[in-house]
2 protein chains.
Amino acid sequence: MNDEDNTPARRTRRGSGAVTLHDVARLAGVAPITASRALNTPGQVSKALLEKVNDAVARTGYVPNRMAGGLASARSRLVAALVPTISGPVFMETVRSLNEALAAQGYQLMLGQSGYADSREDALLDAIISRRPDGIVLTGIMHSPEGRKRLLAAGIPVVETWDLTPTPIDMLVGFSHVDVGRAVVDFLYARGRRRLAVIAGDDERSKRRQQAFQAAAHAAGLGEVAVVIVPAPTTLKSGRSALLQLLQTSPGLDAVFCSSDLLALGVMTEAQWRGIKVPEQLAVLGFGDLEFAADLQPALTSVRIDGMAIGRQAAQFIVDRAEGRPVDTRVVDVGFSIVPRDST
Amino acid sequence: MNDEDNTPARRTRRGSGAVTLHDVARLAGVAPITASRALNTPGQVSKALLEKVNDAVARTGYVPNRMAGGLASARSRLVAALVPTISGPVFMETVRSLNEALAAQGYQLMLGQSGYADSREDALLDAIISRRPDGIVLTGIMHSPEGRKRLLAAGIPVVETWDLTPTPIDMLVGFSHVDVGRAVVDFLYARGRRRLAVIAGDDERSKRRQQAFQAAAHAAGLGEVAVVIVPAPTTLKSGRSALLQLLQTSPGLDAVFCSSDLLALGVMTEAQWRGIKVPEQLAVLGFGDLEFAADLQPALTSVRIDGMAIGRQAAQFIVDRAEGRPVDTRVVDVGFSIVPRDST
DNA sequence: ATGAAAGCGCTAACAA
DNA sequence: TTGTTAGCGCTTTCAT
């Protein structure tokens, strides 16, 4: 019966039971907002106060509730990344460096798997938008008009990656797959290869490289380019069987461009098994330059993409935007390089 | 001045500007809570009302704000996964199936990278706890007392995975690394191998397998087991150089157990390069049974872990707990199997 | 440098 | 079946 207990039928709604900023503030003998400032903008607060609050935090084991903070400030410090498949090695470097760069600046990464096929993508987008992330990183370009519309409507900064397009939704960091296809033809041509083949995953970017490859080979006056399309995600196994298929349909090949290093490893494995000498009889070129490429026997020539740089730049874009820093550029082309090794 | 607007100094605080449940409710001509029910528990509202609300949602493009929902309901529908490294292939299957199982039930996955070394882990834990996830999945066991304390204090359901321990924090789904080490010795012994070696990553679980392997070999009356420890994460390259080292220090080996398939591929690559016949002269056994293992030449014998089952079970544990379903078990041993192939 | 008031967008608790 | 009220835990705005 201490005081003012004439409240009418008190509604109780106990929260999570966790320590709140209120508890910390009470223990420190200050107002909640002051405790908040001590934690978020320590420069604005007197030294003595800072100490009291930090002490109270340590004693209570307080961990802020960022759902509440995000709701109040309209800044979630959450970033979403959409990848075609979580277990594929290709984008993992990007996701890792993205995560590291974000974590270092107090942002948390959410992962969404879109699948190589664009089914169900709308539901995934809604699930992500409903968290109000401060940014969304797409591996690849968003093509579906519905998806673009939803992203635009949500007003969330978007970074498309691993590709270039003249019509990005917002920001873009990638490279030209068409240029890759061309460059690989040049590379092989310069090394005397004339009977070229491609093994490509059936995802959109691989096919773009493959088509550019064919066009460039044609332009160079080379004969028909043999093509095998394999389902994405690509595997060692599909590399093996694709080579088999090529050997049957187009004997006399002297070079194969594979749309992934795993595919290339499959080709090399099958070639070796059949007694086909790499590179003497057959040059093999991969894509992605995964860590193992350099250490294969023979070492695999591969198209190197700096996936870490892509992740870092994407993080930079989003954090800059979230912190309200002015942006000079919205598009970064990280390029690519062909790392020549023994397989060609 | 102008008129009798005696509202006391209206404080304005415009939100994100996005469509809110209020807007939807107003458009549908109902109370906000009713719109909320139409969306979350459609079974509780009349058919006509449901239609009106859905219509309003479609017309406004409303996407719920789950930060607000989570704050109000103390259920974030967010799950955090901690992995030692994002680009490692081993846990990716688990993360993928975890994500798929969670997404199917309306939960979102957050990723955190703990690193194989336990530095900075506390900060990461706080970052995660501050989001108030409905569950935390650890790949591996949480050993640091400080980490255990924080997790316990947070009161968030925890699933430790990929290992067994008599003292789990909460829930557990894994298998015995000690049993793996023993089983591999039995397997090799039964195939007539007597001069055994191990190549192990320097992470805790690999070392546990390696030690059990050594102990079992000793118990079986085999001579000294040659051991090479390589830094985690393991690579093809370290497999190659580890074999080199073994050949120099312990010639006459007839079997190598590698703590990852990538390591095993490195061993096979180096062996082939040096003209050592696998399996005739040297049996090679991997761990993880990654997709490529079966398609190598020779096909790689490997310890198969059902990483997808681990992810699914972890998701099940957490969702059951979040939905308040009774839990019968807290520990699941998914076991393992040795898949015999040509390399042994 | 510190505090009071208000409200972010939603749902639990209590009516009717 | 639908509505009213009161917060969830934090930060913005405004005042001192």
Side-chain angles (χ1 to χ4, degrees), chain A residues 7-26 28-53 57 60 62-77 129-132 154 324, chain B residues 7-26 28-53 57 60 62-77 129-132 154 324:
Chain A
T7 39
R10 186 66 184 213
R11 263 151 205 217
T12 344
R13 193 182 168 189
R14 68 173 196 294
S16 55
V19 180
T20 72
L21 190 59
H22 259 86
D23 303 328
V24 171
R26 199 162 4 126
V30 298
I33 181 61
T34 307
S36 170
R37 282 197 273 250
L39 295 174
N40 297 318
T41 51
Q44 289 186 14
V45 133
S46 76
K47 201 125 196 258
L49 207 147
L50 188 59
E51 208 163 295
K52 276 196 296 187
V53 171
V57 167
T60 53
Y62 171 68
V63 180
N65 183 332
R66 295 215 187 286
M67 286 204 291
L71 181 59
S73 66
R75 286 194 46 201
S76 62
R77 289 167 176 280
I129 293 171
S130 73
R131 306 287 171 180
R132 302 294 189 268
Chain B
T7 36
R10 185 66 185 208
R11 263 149 207 220
T12 346
R13 193 179 167 190
R14 70 173 194 294
S16 56
V19 179
T20 72
L21 190 59
H22 259 85
D23 302 329
V24 171
R26 199 161 5 125
V30 298
I33 182 64
T34 308
S36 171
R37 283 196 273 250
L39 295 174
N40 296 318
T41 50
Q44 289 184 17
V45 300
S46 73
K47 200 127 197 251
L49 207 148
L50 188 59
E51 207 163 297
K52 275 196 296 186
V53 171
V57 167
T60 53
Y62 171 68
V63 180
N65 182 332
R66 294 215 187 284
M67 286 204 290
L71 181 59
S73 66
R75 286 192 48 201
S76 62
R77 290 168 175 280
I129 293 170
S130 74
R131 305 287 172 181
R132 302 294 190 266

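Order of the sequence lines sets the chain letters (A, B, ...), proteins ahead of strands, with each chain counted from 1. Remember, it's a predicted structure, so these values are computed and weren't measured experimentally.
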Review point. Is the shortest heavy-atom distance from the side chain of B/Asp23 to the side chain of B/Tyr62 under 4.5 Å?
Key: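 No, their side chains stay 4.5 Å or more apart.
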With a 4.5 Å heavy-atom cut-off, do A/Val19 and A/Val24 have their side chains touching?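 Yes. Closest side-chain heavy atoms under 4.5 Å.
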inquiry  = For C/dC8 and B/Thr20 - does any side-chain N or O of the residue sit under 4.0 Å from the phosphate oxygens OP1/OP2?
reply    =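 No, outside the criterion.
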- Task: Taking only the side-chain nitrogens and oxygens of B/Ser73, find out if one of them lies under 4.0 Å from OP1 or OP2 of C/dC10.
- Result: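 So the side chain of B/Ser73 is outside the cut-off, no N or O lying under 4.0 Å from OP1 or OP2 of C/dC10.
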Nucleotide nearest A/Leu49 (side chain, heavy atoms from C-beta), chosen from C/dT2, C/dC10, D/dT11: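 My answer, after comparing the listed nucleotides, is C/dT2.
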**Report entry** Nearest-neighbour nucleotide for the A/Ala68 side chain, C/dT2, D/dG7, D/dG9 considered
**Finding:**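 Within the option list, the nearest is D/dG9.
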Exercise for the section: Applying salt bridge (Lys or Arg N to Asp or Glu O under 4.0 Å), name anything that partners B/Arg77, two or more places apart in sequence or on another chain. Expected result: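 Expected list: none.
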What pairs of donor and acceptor atoms, side-chain ones from residues 29-42 of chain B against any protein atom, are under 3.5 angstrom apart with sequence neighbours left out?
unit_1	atom_1	unit_2	atom_2	d
B/Ser36	OG	B/Asn40	ND2	3.3
B/Asn40	ND2	B/Ser36	O	3.2
B/Thr41	OG1	B/Arg37	O	3.4

For B/Arg66, all residues meeting side-chain hydrogen bond (donor to acceptor under 3.5 Å, both in side chains), sequence neighbours excluded: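 Partners of B/Arg66 under the side-chain hydrogen bond (donor to acceptor under 3.5 Å, both in side chains) test: A/Ser130.
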Given atom [atom1] of [X] and atom [atom2] of [N], what is their separation to the nearest angstrom?
{"X": "B/Met67", "N": "D/dG9", "atom1": "CE", "atom2": "P", "value": "16 Å"}
{"X": "A/Asp23", "N": "D/dC10", "atom1": "CG", "atom2": "C1'", "value": "13 Å"}
{"X": "B/Asn65", "N": "C/dG9", "atom1": "CG", "atom2": "C1'", "value": "6 Å"}
{"X": "A/Arg131", "N": "C/dG9", "atom1": "CZ", "atom2": "C1'", "value": "14 Å"}
{"X": "A/Leu71", "N": "C/dC8", "atom1": "CG", "atom2": "P", "value": "9 Å"}
{"X": "A/Arg66", "N": "D/dG9", "atom1": "CZ", "atom2": "C1'", "value": "13 Å"}
{"X": "A/Ile129", "N": "C/dG9", "atom1": "CD1", "atom2": "P", "value": "16 Å"}

Among residues 29-44 of chain A, which ones have heavy-atom contacts with DNA chain C below 4.0 Å?
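Per residue number, the list reads A/Val30, A/Ala31, A/Ile33, A/Thr34, A/Arg37, A/Gln44.
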### Of B/Arg132 and B/Val45, the one whose closest DNA chain D nucleotide lies more 5'
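Upstream on the strand: B/Val45.
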To the nearest 0.5 Å, tell me how far B/Leu71 CG sits from B/Ser76 OG.
->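 So the gap between those two atoms works out to 11.0 Å.
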Identify the two heavy atoms, one from A/Asn65 and one from A/Met67, that lie closest to each other, and give their separation to 0.1 Å.
->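 Result for this residue pair: OD1-N, 2.9 Å.
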